[in-house]
Amino acid sequence: MALPIKEIKKYNFYPSLRARACRVWIAKFNGQPRSFNCVFVDNQGGAIQGLAKARDLQTFASIIIEGNHYEIERFYTYENIAANTVTAHDAVIDLKSDTKITAIEPIQPYVPRYYFNFIDYAHIITKSKGSRILTDVLGRLKALQPLEQVMVRGQMLENKREFMLENTHGEELRITLWGDSARDFDEFALRNLPSPVIIAFAGFHVTEFKGKPNLKGTAASLWYFNPDIPECSTYTQFFAQVPIEIQQIPSSPNAVLSIEKQIKENRRTIREILCMNPYEHKHLRFTCQALIVEFDFPNGWWYPSCPKCNKKLSGGENNYTCMDHNAITSLPVPWFRLECIVTDGEDVANFLLFGKIAESFFGSSAHHYVYDKKFIDPLVIPPAMAAKLNKSMIFQLRFRDFRSTTNRCEIIITNIFDDTTNKNIHPLETPPTEAKSSTRSETSTPLSSKKQVLIGPCTSQNTVTQFRIAPNSLETPSQNISPNKETSLNYKARRTLDFEAIAQQISHEDECGNAIEAQGNLGNIDTSDTFNHLLLPLKKQRKTSSSSSKV
């Protein structure tokens, strides 16, 4: 007698199961396949999920075809404790290399081709919101939004596509696909389908927006056009009387513009940015042409983050804790966070770079630099990152919310484009001039001999932090130097900001004619021997300059 799926228990070995694979999908994360998944259904209405990890993904993906019947032999089950699951069964079949899968003839009595648990639109919020069992819905495709990219949390671009479904009662339901799912949806396949187009969306998470349900895609989300099920026939007959074209949903307010428009969007100089009120321009996205002259990372260019939310972990190396997810049992994920000291040839500012934008800019993840390339010390910057200095770029920016820890609204980099204007930007360099007495503070660095530095009323003060790089050559880094070797970068090659170690009183007239004053100081300077060695020539330079002024 065949084993019924409903009698399968968790944490057990079973010799055999005969069932139909009614649903098959490959779960992805950041575009990378993570696991092979399927739903086995028998002729008694039982359904159970099967899962194979990444190492066995290709094996089972080539064997198990959706819609076919199989005998699964020598398999083990474990508890179904996933936050989002497609079946209500307590167990999951562990598909491993020693699990034998054999294709068989169709099972009798007949097993339906599809496995759905449709929820009525009116009951979606009450029945499905907060449930760990993902939701399936059916409806006529009323409207479709083309694939677009939107800015998520102001720091990363994400693919997005929206749909509007309609049921036979005239009720509407909005469905949103994100990331890989949005990119995988084949919009061109809709062109060859007859009207009306009926779609079954399966494996979605229910959210609520302004009192209305919204279905959000997951790694288990699938969709089926005009599936051969009784419910679909009802929709086809109801909407066949009046053929209706599929409407287009307008672009989202936060949709990303074309590259050409993004580069020119709300162009500002650094001076104009520093004089902007962050609270009045909280939702404004603007661009600036500048170059990075220095990276500022007093606490390191990366930090250990939570694998689930990328928030900074607290506690020691053996006791990492996330404020949202408590103790962390797996390895923390290295996450970029560093400030870029930039100039447009006239003024200087600090732009914050972190997360996915930093990964795209540096061409690799912090995880790769730390775990694969062994740049473990957060105060030692890899040569590939240092190679980004002194190159003209277009920065897309916005203001961050006020943070009490820093007592300011930081300027966040949301995207970086290569500068194709061929307009050269030089660090603040002017020809040497005769020393004069002045009430204004002046920098005495390779960046400027007599250039006044504008510090805005609502941005951070520029500070100098020890900048170390391994190896010690930016131009042609040697391939045989250990990445762990800490070598201080020569100050002449850095073109960095070098402020006096005394308070600087700087004032200027803003656009409205009001005097704005700001204080600048060194902040917490690394006083290591290596850094003191670097500052020695600068101290001598200051002493000489001071003596000549007195004369």
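- Applying the side-chain contact (heavy atoms from CB on, under 4.5 Å) test to K308 and every residue at least two apart in sequence or in another chain returns C306, H325.
- Here CD1 of I270 is found 9.0 Å from CG of L397. Values are rounded to the nearest 0.5 Å.
- Looking at D418 and K391, no side-chain N of the basic residue comes within less than 4.0 Å of a carboxylate O on the acidic one, giving no salt bridge.
- Screening L51, L57, V86, V92 for a side chain to side chain contact (heavy atoms under 4.5 Å, CB included) with N37, the sole residue that qualifies is L51.
- Judged by the 6.0 Å and 45° rule, K216 forms no cation-pi pair with F204.
- Of all heavy-atom pairs between A219 and K28, the closest is CB-O, 4.3 Å.
- Listed by chain and residue number, F399 satisfy the ring pair (Phe, Tyr, Trp, His ring centres under 6.0 Å) test with F286 (two or more places apart in sequence, or in another chain).
- For H281 (side chain) and N277 (main-chain N/O), a donor-acceptor pair under 3.5 Å exists by modelled atom type.
- Shown are F354, F362, F375, W302; of these, the ring pair (Phe, Tyr, Trp, His ring centres under 6.0 Å) with F336 is made only by F362.
- Rounding to the nearest 0.5 Å places SG of C340 at 8.5 Å from CG of N350.
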Requested in this report: Kindly indicate, with the supporting measurements, whether the criterion side-chain hydrogen bond (donor to acceptor under 3.5 Å, both in side chains) is fulfilled by T287 and R267.
Outcome: CA-CA 5 Å; T287 58; R267 180 61 59 87; 3.0 Å; yes
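- Here CD1 of I199 is found 6.0 Å from CG of L190. Values are rounded to the nearest 0.5 Å.
- A donor-acceptor contact shorter than 3.5 Å is absent between the side chain of S35 and the backbone of K53.
- At least one side-chain heavy atom of C409 sits under 4.5 Å from a side-chain heavy atom of Y279.
- Within 6.0 Å of the CD atom in E187, the count of heavy atoms belonging to other residues, nucleotides or ligands exceeds 12.
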Requested in this report: Kindly indicate, with the supporting measurements, whether the criterion side chain to side chain contact (heavy atoms under 4.5 Å, CB included) is fulfilled by V348 and I341.
Outcome: CA-CA 7 Å; V348 178; I341 302 177; 3.7 Å; yes
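- Side-chain atoms of T85 never come within 3.5 Å of backbone atoms of A82 as a donor-acceptor pair (strictly under, hydrogens ignored).
- P334 and A366 make their closest contact through O-CB, 3.5 Å (heavy atoms, listed as atom of the first residue, atom of the second, distance).
- Between the S360 side chain and the K356 main chain, no donor and acceptor come within less than 3.5 Å of each other.
- Considering CG of N159 and CG of L147, their distance stands at 5.0 Å, rounded to 0.5 Å.
- In this structure, a donor-acceptor pair under 3.5 Å is absent between the side chains of D344 and Q289.
- At a threshold of 4.0 Å, the pair E346-R271 does not count as salt-bridged, since none of the basic side-chain nitrogens sits closer than that to a carboxylate oxygen.
- With respect to L215, the side chain to side chain contact (heavy atoms under 4.5 Å, CB included) criterion is satisfied by exactly one of T207, V206, T176: V206.
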Query raised in the report: Can you check side chain to side chain contact (heavy atoms under 4.5 Å, CB included) on L284 and M276, steps first, answer last?
Result: CA-CA 11 Å; L284 179 67; M276 293 169 63; 3.8 Å; yes
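- Between the side chain of T135 and the main chain of S128, no donor-acceptor pair closer than 3.5 Å is present.
- Separation of atoms CE (M393) and CG (N415) is listed at 12.5 Å; rounding is to 0.5 Å.
- N84 and T218 form no side-chain donor-acceptor contact under 3.5 Å, judged by distance and modelled atom types alone.
- Under 4.0 Å is where a charged nitrogen must lie from a carboxylate oxygen, and between E162 and R174 at least one such pair does.
- Checking side-chain atoms of S305 against main-chain N and O of V333 turns up a donor-acceptor pair under 3.5 Å.
- Both tests do not hold together for R337 against F295: distance to the six-membered ring centre under 6.0 Å, angle to the ring axis within 45°.
- Centroid-to-centroid, the aromatic rings of F163 and F185 come within less than 6.0 Å.
- Between W301 and Y369, the ring planes are perpendicular. Angles over 60° get that label, and only those under 30° would be called parallel.
- A salt bridge does not link K160 to E158: none of the charged nitrogens lies less than 4.0 Å from a carboxylate oxygen.
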